[in-house]
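Numbers here are sequence positions counted from 1.
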Amino acid sequence: MLPDKQKQIQLVSRPNGTPVESDFHYKEIDVPRPDQGQVLIKTLYLSVDPYMRGRMSDAKSYVEPFKLNEALAGGVVGEIVDSQSEHFKKGDFVVGMLPWQEYSLASEKAVRAIDPDVAPISTHLSILGMTGLTAYFGLLDIGQPKEGETVVVSGAAGAVGSAVGQIAKIKGARVVGIAGSDEKVNYLKETLGFDEAINYKTGDIQESLEAACPDGIDVYFENVGGEIGDAALSLLNKHARVPVCGAISSYNKTEEDLGPRVQSRLIKTSALMKGFVVNDYNDRFKEGAADLGKWLSEGKLQYEETITEGLDNVTEAFLGLFEGKNLGKQLVKVAEPGN
């Protein structure tokens, strides 16, 4: 039987700098029941992502800010526990953008069915989901790595960065990753097959990057910004490409984020620097998902998921992103299927 009440996580104040626990509130709400064309979904896994920090402010951006005193939302894998839809039945697994709560009501058009036999269901929030697609399109459409070129990835042990590096290797590039611990450096080199990796917290990042990239940088996949980005941009080769996916180093800054001006570097190298979001490629998702699934089945792609247990620990998992506590994709496991 379904419960009458459930927990929901709301944003109750807009963070000033790094978010704190008091910016969030756990509220008890009713468990709804579906009407015609709707399904009730039990949350099994939910995704926490750095971009959500931007939605917690009210600054104009590419996506609408979260509203105060309402549920936060993100990628969710869930199980249908009640259905008034001709397209879904009880027991089906789905993925969609849903609220941070234990049970969610959704239109049948707002979620997509997933096959639990293809890969673990959590992968539809990581390597087979928006994370993998972000890496796929950012690298291949904007970065366009060629065999023998040098590809540098910041945030390389994160969910997007680790996929970027592996896809670059599939395309025959030499790959250098930048991460924040010796453990992550070893993971990139020994497990994922990166040619070189740098711990930016030890030594001078400029010197380390110059040593790792003696022939310069042809593609720099930007996830971090800040001093790491400055160092990488200084080493761009002629006609280099820079996909800009994120700038996590600045997300919690309260003052203006200043750094070297990039215009002269781009002119001198005839380089391309382009920002993007994965939804720019909505009409090509099937293409990306097919390639990612093929590479995963062939053993060419590996993935890591850092899984935190329990809805009560969602905010802890989210805040940990900004301290680099996760390896690969950070997920929260909310419930087991079938219970």
| message | Just by distance, no angles: are the side chains of Ser47 and Lys329 close enough, under 3.5 Å, to form a donor-acceptor pair? | response | yes

| query | How about Thr308 and Gln330: does a side-chain donor come under 3.5 Å of a side-chain acceptor? | reply | yes

| message | Hydrophobic clustering (ILVMFWY, side-chain heavy atoms < 4.5 Å, transitive) - are Tyr281 and Val160 grouped together? | response | yes

| task | Check for a donor-acceptor pair, side chain of Ser249 on one end and backbone N or O of Val224 on the other, with a separation under 3.5 Å. | result | yes

| message | Keeping Arg241 on the side-chain end and His239 on the backbone end, is there a donor-acceptor pair under 3.5 Å? | response | yes

| task | Run through the side-chain heavy atoms of Ile, Leu, Val, Met, Phe, Trp and Tyr, join any pair under 4.5 Å, and report what else lands in Leu331's cluster. | result | Leu44, Tyr45, Val77, Phe93, Val95, Ile114, Ile121, Leu125, Ile307

| message | Do Leu98 and Ile41 have side chains that approach each other closer than 4.5 Å (heavy atoms only, starting at C-beta)? | response | yes

| Near Lys333 NZ, under 6.0 Å, is it more than 12 heavy atoms from other residues, nucleotides or ligands? | yes

| query | In Å, rounded to the nearest 0.5 Å, how long is the span from CD of Gln8 to CD1 of Ile29? | reply | 4.0 Å

| task | State, with a plain yes or no, whether a side-chain heavy atom of Val278 is found less than 4.5 Å away from one of Phe285. | result | yes

| field | Heavy-atom side-chain proximity of Phe137 to Pro243 below 4.5 angstrom | value | no

| task | Please examine the side chains of Glu21 and Leu319, heavy atoms only from C-beta on, and report whether any two atoms are closer than 4.5 Å. | result | yes

| query | Got a sec: does the CD of Glu147 have more than 12 other heavy atoms crowding it under 6.0 Å? | reply | no

| Within the side chain of Asp30, is there an N or O that forms a donor-acceptor pair under 3.5 Å with the backbone of Pro32? | no

| In terms of heavy-atom contacts, does CG of Asp312 have more than 12 from other residues, nucleotides or ligands at under 6.0 Å? | yes

| said: Could you see if Leu68 belongs to whatever hydrophobic cluster contains Ile9? Use Ile, Leu, Val, Met, Phe, Trp, Tyr and a side-chain cutoff under 4.5 Å. | reply: yes

| field | hydrophobic_cluster_shared for Val262 and Leu272, side chain cutoff 4.5 Å | value | no

| request: Indicate whether any N or O donor in one side chain lies under 3.5 Å from an N or O acceptor in the other, for Asp23 and Ser13. | output: yes

| note | Residues pairing under ring-ring contact (aromatic ring centres under 6.0 Å, His included) where one sits in residues 300-325, two or more places apart or in two chains, turn out to be Phe318-Phe322

| Contact summary for Ser85 and Val39, nearest pair of heavy atoms | CB-CG1, 3.9 Å

| query | Counting distance only, does the side-chain N/O of Thr134 pair as donor-acceptor with the main-chain N or O of Met130 below 3.5 Å? | reply | yes

| query | Counting distance only, does the side-chain N/O of Arg33 pair as donor-acceptor with the main-chain N or O of Leu105 below 3.5 Å? | reply | no

| said: With heavy-atom distances below 4.5 Å as the criterion, would you say the side chains of Val20 and Pro15 are in contact? | reply: no

| Looking only at atom types and distance, does a side-chain atom of Glu79 sit under 3.5 Å from a main-chain N or O of Lys42, one as donor and one as acceptor? | no

| message | What verdict does the side-chain contact (heavy atoms from CB on, under 4.5 Å) test give for Met273 and Leu233, after you've listed the backbone C-alpha separation in whole Å, the side-chain angles of each residue and the deciding distance to 0.1 Å? | response | CA-CA 10 Å; Met273 187 174 188; Leu233 292 176; 4.2 Å; yes

| said: Taking NZ in Lys67 as the centre, count heavy atoms belonging to other residues, nucleotides or ligands within less than 6.0 Å. Is the count above 12? | reply: no

| request: Take Val314 and Leu46, measure what side-chain contact (heavy atoms from CB on, under 4.5 Å) needs, and give me the verdict at the end. | output: CA-CA 9 Å; Val314 169; Leu46 61 80; 4.0 Å; yes

Residues 196-206, side-chain donor-acceptor partners within the protein, below 3.5 Å, at least two apart:
{"residue": "Glu196", "atom": "OE2", "partner": "Lys189", "partner atom": "NZ", "Å": "3.4"}
{"residue": "Asn199", "atom": "OD1", "partner": "Lys201", "partner atom": "N", "Å": "2.9"}
{"residue": "Asn199", "atom": "ND2", "partner": "Asp182", "partner atom": "OD1", "Å": "3.1"}
{"residue": "Thr202", "atom": "OG1", "partner": "Asn199", "partner atom": "O", "Å": "3.2"}
{"residue": "Asp204", "atom": "OD1", "partner": "Gln206", "partner atom": "N", "Å": "3.0"}
{"residue": "Asp204", "atom": "OD1", "partner": "Glu207", "partner atom": "N", "Å": "2.8"}
{"residue": "Gln206", "atom": "NE2", "partner": "Glu210", "partner atom": "OE2", "Å": "3.2"}
{"residue": "Gln206", "atom": "NE2", "partner": "Ser234", "partner atom": "OG", "Å": "2.9"}

| query | Checking Gln144 side chain against Asp141 main chain: does a donor-acceptor pair fall under 3.5 Å? | reply | yes

| field | salt bridge (Lys or Arg N to Asp or Glu O under 4.0 Å) involving Lys300 - partner list, sequence neighbours excluded | value | Glu298

| remark: In short, Phe88 meets Ser83 closest at the heavy-atom pair O-OG, 2.7 Å

| Cluster partners of Ile267, using ILVMFWY side-chain heavy atoms under 4.5 angstrom, listed by chain and number? | none

| remark: Only residue of Asp218, Asp215, Thr150, Ile217 satisfying side chain to side chain contact (heavy atoms under 4.5 Å, CB included) with Leu235 is Ile217

| note | Heavy atoms of Met52 and Ala73 approach each other most closely as CE-O, 3.6 Å

| Considering only heavy atoms from C-beta outward, does the side chain of Asn326 approach that of Leu321 to under 4.5 Å? | yes

| task | For the pair Arg55 (side chain) and Glu64 (backbone), establish whether a donor and an acceptor sit closer than 3.5 Å, ignoring hydrogens and angles. | result | yes

| Partners meeting salt bridge (Lys or Arg N to Asp or Glu O under 4.0 Å) with Lys268 (sequence neighbours left out) | none

| With sequence neighbours excluded, what pairs up with Lys286 under the salt bridge (Lys or Arg N to Asp or Glu O under 4.0 Å) test? | none

| Hey, are the side chains of Val153 and Leu139 touching, using non-hydrogen atoms and a 4.5 Å cut-off? | no

| field | Cluster companions of Met1 among Ile, Leu, Val, Met, Phe, Trp, Tyr (side-chain spacing under 4.5 Å) | value | none

Name each donor-acceptor pair under 3.5 Å that joins a side chain in residues 172-180 to protein atoms two or more places apart or in another chain, with its distance.
{"residue": "Arg174", "atom": "NH1", "partner": "Ala212", "partner atom": "O", "Å": "2.8"}
{"residue": "Arg174", "atom": "NH2", "partner": "Ala212", "partner atom": "O", "Å": "2.9"}

| Does the Glu149 side chain pair with the main chain of Lys146, one donor and one acceptor, at a distance under 3.5 Å? | yes

Which atom pairs, donor and acceptor, lie under 3.5 Å between side-chain atoms of residues 164-171 and protein residues at least two apart or in another chain?
{"residue": "Gln166", "atom": "OE1", "partner": "Gln302", "partner atom": "N", "Å": "2.6"}
{"residue": "Gln166", "atom": "NE2", "partner": "Ser162", "partner atom": "O", "Å": "3.2"}
{"residue": "Gln166", "atom": "NE2", "partner": "Gln302", "partner atom": "O", "Å": "2.7"}
{"residue": "Lys169", "atom": "NZ", "partner": "Asp195", "partner atom": "OD1", "Å": "3.2"}
{"residue": "Lys169", "atom": "NZ", "partner": "Asp195", "partner atom": "OD2", "Å": "2.9"}

| request: First locate atom NZ of Lys294, then atom CG of Leu301, and finally report the distance between them rounded to the nearest 0.5 Å. | output: 10.5 Å

| said: Which heavy atom of Glu305 sits nearest to which heavy atom of Ser126, and what is that distance? | reply: OE2-OG, 2.8 Å

| field | Carboxylate-amine/guanidinium contact Asp92 Lys89, below 4.0 Å | value | yes

| request: Answer yes if Trp295 and Leu133 sit in the same cluster of Ile, Leu, Val, Met, Phe, Trp and Tyr residues linked by side chain heavy atoms under 4.5 Å apart, and no otherwise. | output: yes

| task | Check the pair Met56, Leu11 against side-chain contact (heavy atoms from CB on, under 4.5 Å), reporting the backbone distance first and the verdict last. | result | CA-CA 8 Å; Met56 291 175 186; Leu11 182 71; 4.2 Å; yes

| said: Applying salt bridge (Lys or Arg N to Asp or Glu O under 4.0 Å), can you list everything that pairs with Asp280, at least two apart in sequence or on another chain? | reply: none

| field | Listed partners of Asp82 passing side-chain hydrogen bond (donor to acceptor under 3.5 Å, both in side chains), at least two apart | value | none

